[in-house]
Amino acid sequence: MRHSEFALNTLKEVPSEAEIVSHQLMLRAGLIKRLASGLFTWMPIGVRVLRKVEAIVREEMNRAGALELLMPAVQPAELWQESGRWDQYGPLLLRMSDRHEREFCFGPTHEEVITDIARKELRSYKQLPVNYYQIQTKFRDEIRPRFGVMRSREFIMKDAYSFDLDEDGVISSYEKMYDAYVRIFERLGLKFRVVIADSGEIGGNRSQEFHVLADSGEDAIAYCDADDYASNVEMAATPEPEGEPAAPAQEMQTIDTPGVKTIEALAELLGVRSDQTLKTLIVDGDDGPVALVLRGDHELNAVKAQKLDGVASPLNMADPGTVFKATGSEPGFAGPVGLAIPVFFDHATATMSDFVVGANEKDKHHTGVNFGRDLPAPDTVDLRNVVEGDPTPGGGGTLQIARGIEVGHIFQLGDKYSQAMGAKVLDADGKERVMQMGCYGIGITRIVGAAIEQNHDENGIIWPDALTPFDVSIVPINMHKSDAVREAAESLYRELTNMGYEVLLDDRDARPGFKFADCELLGIPHRLVVSDRNLKNDELEYRHRRDSESATLKREDALKKLNGSRIS
RNA sequence: CGGGGCAUGGCGCAGUCUGGUAGCGCAUCUGCUUUGGGAGCAGAGGGUCGGCGGUUCGAAUCCGUCUGCCCCGACCA
């Protein structure tokens, strides 16, 4: 592609709409244009990247034996009513009516449609297993779209759905997808981790997420420094307490803490560490409010809390009126001493002694509180987020925390949809059996953003070879003055193109620095500079996007160098 | 949804308080000079100042209203 024929606009200044680096660079490099909140046009250079991602995903899905189909983006309400999700899904689902007042939605996912296909197409166990997939546009009406294509409302997803006769079958289909996903992310050239995930509302038993590692990631991942354990922090278990609390050294006292409503303020006022305090959170329960008690420096884990018997799901903090009724005080001074509602203590509180708690009275806290004396020794539960340094479930190491961007998710669904929608086949005994399903998603558009989050520097994007819109950039110096440079650049362009490279020839009449800056912003991995200076010796200047220095090489050596770095 | 902010040429912004000919930088176009790290000079094009309504002799500016966009939002008990 000649630059002069590729209508590409780059920006020197950062559009103010963009907050994170991938969004900024995608706008500056001209990959995307925003149309409305959470809606983006993929410009020609962006589409080149998108197609690379799709091609790899498609190849590996096909290799794994999955069958590509394409379902409608718009789906009839009846199917969603049949699965029960028309009412469950909430405002995330974009609903619409046609001219006959029939209701539809723009698909946020396709379990209903595929299950409908499966119940019509699949009759016999002999047809199983089947894994259908598509690469297609979804719409989810996010509360707050942000981070460019990373959390947009419309996005492209590869979604796959497997159908098996029994649980052994699902496990096998799931494992095939796991292997395919590992190959996909390896081929994409991204650093990633597979983590144990919450299967959440979708149900089913087993679920893993694929995260691209990046400091700006929205998700926290806990992983072991000694084995291959990795988990979404939402799901990472904390250990049961070991040992006994130290013997009380202080008497319980009630002290004045006017206006002190936060743990930080409390710790500062009393000159204690936050891990010597307890925080007591009042949340809605199934039958009136319940209290959750954590060490002051720990964070509540909502996913864990809402799974407890008696705690409302989804988790909801009690309103101030309820807090007042339950504790006799406004929020900020709740504590477990003398509290008449159910109380859950986190594991980490079990070994504490001489700690500080709210006194259930405005502007008062208790100090020197101890289990066994001021409070009954608790049965503790797992309520908190893990933190760096916690022991791992395998016991072999300690947890580290990394940030990640979720780009893939695989589930064993079981029969949730097939049961609700009657997707059955006949087994070898001629009996009807409800099929077992799995579902497997990859965020195609999100991968592009995640790749940039992981691979960039102050000058721009640094594409992994597998994703780059162009492999090589040819930068001629003074091409419009020097026929020798022009001819050399054109012949190099033809030769590389014939060799199968995707080449961007910067044939603009611009100064070198301008071209270099664009080249780096666009993140093209290989750059060849053609100049009179080097042509005399039949030389080219080669520089990889990650290099800090250029190398002047004989033309054939430069080509060899390119070939040597070829991956496919 | 709650809170905050913004809306002026393709992008980034000033002008609004204190009403009086719509401006700057980047980008674009033309010409000349320039050509190894986002060039210089000279000129040019491009804006119903988000929409509607009001106040006024006069509104980007004041008032009302609507719309759009951005940011923050369990961890406080």
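Lettering of chains follows the sequences in order, A, B, ..., and the numbering in each one begins at 1. Source: prediction; values computed, not measured.
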Notebook entry, point to check: Taking C-beta and beyond as the side chain, do A/Leu27 and A/Ile32 meet within less than 4.5 Å on heavy atoms?
Noted result: yes
Next item on the list: Taking atom P in both B/rU21 and B/rA39, compute the distance separating them and give it to the nearest angstrom.
Entry: 36 Å
Next item on the list: Anything under 30° is parallel, anything over 60° is perpendicular, the rest tilted; go ahead and classify A/Phe355 against A/Phe371.
Entry: tilted
Check: Do A/Asp507 side-chain atoms and A/Ser4 backbone N/O form a donor-acceptor pair below 3.5 Å?
Finding: yes
Notebook entry, point to check: Quantified in whole Å, what is the C1' atom distance between nucleotide B/rC70 and nucleotide B/rU55?
Noted result: 31 Å
Next item on the list: Figure out the CD/P separation between A/Glu264 and B/rC75, and round it to whole Å.
Entry: 11 Å
Note to self: Tell me every residue that passes salt bridge (Lys or Arg N to Asp or Glu O under 4.0 Å) with A/Glu142, counting only those two or more places apart in sequence or in another chain.
What the structure shows: A/Arg151
Check: Is any side-chain heavy atom of A/Thr137 less than 4.5 Å from a side-chain heavy atom of A/Glu154?
Finding: yes
Check: C1' atom, B/rA22 versus B/rU34: distance in rounded Å?
Finding: 34 Å
Note to self: Considering every strand and a 4.0 Å limit on heavy-atom distances, what is the contact class for A/Ile143: base, sugar-phosphate, or nothing?
What the structure shows: base
Note to self: Rounded to whole Å, how long is the line connecting atom CG of A/Asp506 with atom P of B/rG38?
What the structure shows: 15 Å
Margin query: When the P atoms of B/rU61 and B/rG53 are compared, how many Å lie between them, rounded to an integer?
Written below: 14 Å
Checklist line | Base partner of B/rG46, which must satisfy Watson-Crick or wobble distances under 3.5 Å | finding: none
Checklist line | Phosphate contact (B/rC72 OP1 or OP2) by A/Arg144 side-chain N/O below 4.0 Å | finding: yes
With a cut-off of 3.5 Å and sequence neighbours excluded, list every side-chain donor-acceptor pair involving residues 511-520 of chain A.
residue	atom	partner	partner atom	Å
A/Lys515	NZ	A/Pro476	O	3.2
A/Lys515	NZ	A/Asp506	O	3.0
A/Lys515	NZ	A/Arg508	O	2.9
A/Asp518	OD1	A/Thr10	OG1	2.7
A/Asp518	OD2	A/Thr10	OG1	3.4
A/Asp518	OD2	A/Arg508	NH1	3.1
A/Asp518	OD2	A/Arg508	NH2	3.0
A/Glu520	OE2	A/Arg527	NH1	3.2

Check: If we only count heavy atoms from C-beta on, is the A/Leu294 to A/Leu281 side-chain gap below 4.5 Å?
Finding: yes
Next item on the list: Side-chain contact test, heavy atoms from C-beta onward, threshold under 4.5 Å: evaluate it for A/Ile255 versus A/His366 and give yes or no.
Entry: no
Item checked: B/rC13 pairs with, by Watson-Crick or G-U criteria that keep both distances under 3.5 Å -> B/rG23
Next item on the list: Rounded off to whole Å, could you give me the CG-to-C1' distance for the A/Leu35 and B/rC69 pair?
Entry: 12 Å
When you compare the protein's N or O atoms with those of nucleotides 32-37 of chain B, which come within less than 3.5 Å of each other, and at what distance?
residue	atom	partner	partner atom	Å
B/rU34	O2	A/Arg511	NH1	3.0
B/rU35	O2'	A/Asn478	OD1	2.4
B/rU35	O2'	A/Asn478	ND2	2.5
B/rU35	N1	A/Asn478	OD1	3.4
B/rG36	O6	A/Ser531	OG	2.3
B/rG36	N1	A/Arg533	NH2	3.3
B/rG36	N1	A/Glu541	OE1	2.6
B/rG36	N2	A/Glu541	OE1	2.8
B/rG36	N2	A/Glu541	OE2	2.2
B/rG37	O6	A/Arg527	NH1	3.3
B/rG37	O6	A/Arg527	NH2	3.1
B/rG37	O6	A/Arg543	NH1	2.8
B/rG37	N1	A/Glu520	OE2	2.8
B/rG37	N2	A/Glu520	OE1	2.4
B/rG37	N2	A/Glu520	OE2	3.3

Note to self: Under a 3.5 Å distance rule, please check whether A/Thr277 uses its side chain to pair with a backbone N or O of A/Ser274 as donor and acceptor.
What the structure shows: yes
Checklist line | Donor-acceptor side-chain pairing of A/Ser216 and A/Glu453 below 3.5 angstrom | finding: yes
Check: Take atom NZ in A/Lys554; do more than 12 heavy atoms of anything else shown fall under 6.0 Å from it?
Finding: yes
Note to self: Distance check, P atoms only: B/rA7 and B/rG15, in whole angstrom units.
What the structure shows: 10 Å
Item checked: Whole angstrom value for the distance that separates C1' of B/rC72 from CD1 of A/Ile20 -> 16 Å
Check: Taking C-beta and beyond as the side chain, do A/Arg384 and A/His347 meet within less than 4.5 Å on heavy atoms?
Finding: no
Check: From the list B/rG38, B/rA77, B/rC69, which nucleotide is the closest neighbour of the side chain of A/Ser37?
Finding: B/rC69
Give me the distances for all protein-to-nucleotides 40-47 of chain B N/O pairs that come in under 3.5 Å?
none

Item checked: Atom-pair distance (CD on A/Glu142; P on B/rC1), nearest Å -> 15 Å
Check: So, A/Asp374 side chain and A/Asn370 main chain: donor-acceptor pair closer than 3.5 Å or not?
Finding: yes
Next item on the list: Can you tell me, in whole Å, how much space there is between the P of B/rC26 and that of B/rC66?
Entry: 40 Å
Check: A/Lys515 has an atom NZ; how far is it from atom P of B/rG38, in whole Å?
Finding: 15 Å
Margin query: Can you tell me the base-pairing partner of B/rA7? Count Watson-Crick or G-U wobble geometry only, both distances below 3.5 Å, and say none if there is no partner.
Written below: B/rU67
Item checked: Distance, C1' atom - from B/rA14 to B/rC41, rounded to whole angstrom -> 26 Å
Notebook entry, point to check: Of A/His298 and A/Arg34, whose nearest nucleotide on RNA chain B comes first from the 5' end?
Noted result: A/Arg34
Next item on the list: Among A/Trp86, A/Tyr89, A/Phe106, find the residue that satisfies the ring-ring contact (aromatic ring centres under 6.0 Å, His included) test when tested with A/Trp80.
Entry: A/Tyr89
Notebook entry, point to check: With a 4.0 Å cut-off on heavy atoms, is A/Asp518 in touch with a base, just the backbone sugar-phosphate, or nothing at all?
Noted result: base
Notebook entry, point to check: Is there a Watson-Crick or G-U wobble partner for B/rU56 with both distances under 3.5 Å, and if so, which one is it?
Noted result: none
Next item on the list: List in numerical order all residues of residues 351-365 of chain A for which some heavy atom is under 4.0 Å away from an atom belonging to RNA chain B.
Entry: none
Check: What interatomic distance, in whole Å, is found between P of B/rC52 and the corresponding atom of B/rC57?
Finding: 22 Å
Note to self: So A/Leu399 and A/Tyr229, do their side chains get closer than 4.5 Å, heavy atoms only?
What the structure shows: yes
Next item on the list: May I ask which nucleotide in the shown strands pairs with B/rC1, Watson-Crick or G-U wobble, both distances under 3.5 Å?
Entry: B/rG73
Item checked: Nearest-Å distance for atom pair CG/P, residues A/Leu8 and B/rG38 -> 20 Å
Next item on the list: Find the distance A/Arg508:CZ to B/rU28:C1' and express it as a whole number of Å.
Entry: 14 Å
Are there any protein N/O atoms within less than 3.5 Å of an N/O atom in nucleotides 10-13 of chain B, and if so, which ones and at what distance?
residue	atom	partner	partner atom	Å
B/rG12	OP1	A/Ser16	N	3.0
B/rG12	OP1	A/Ser16	OG	3.2

Next item on the list: Assess A/Arg48 against A/Phe470: is NZ or CZ under 6.0 Å from the centre of the six-membered ring, and within 45 degrees of the ring's axis?
Entry: yes
Check: For B/rG31, which nucleotide is its Watson-Crick or G-U wobble mate, given both distances must be under 3.5 Å?
Finding: B/rC41
Margin query: Under 4.0 Å, counting only non-hydrogen atoms across every strand here, what does A/Arg28 touch: a base, just sugar-phosphate, or nothing?
Written below: base
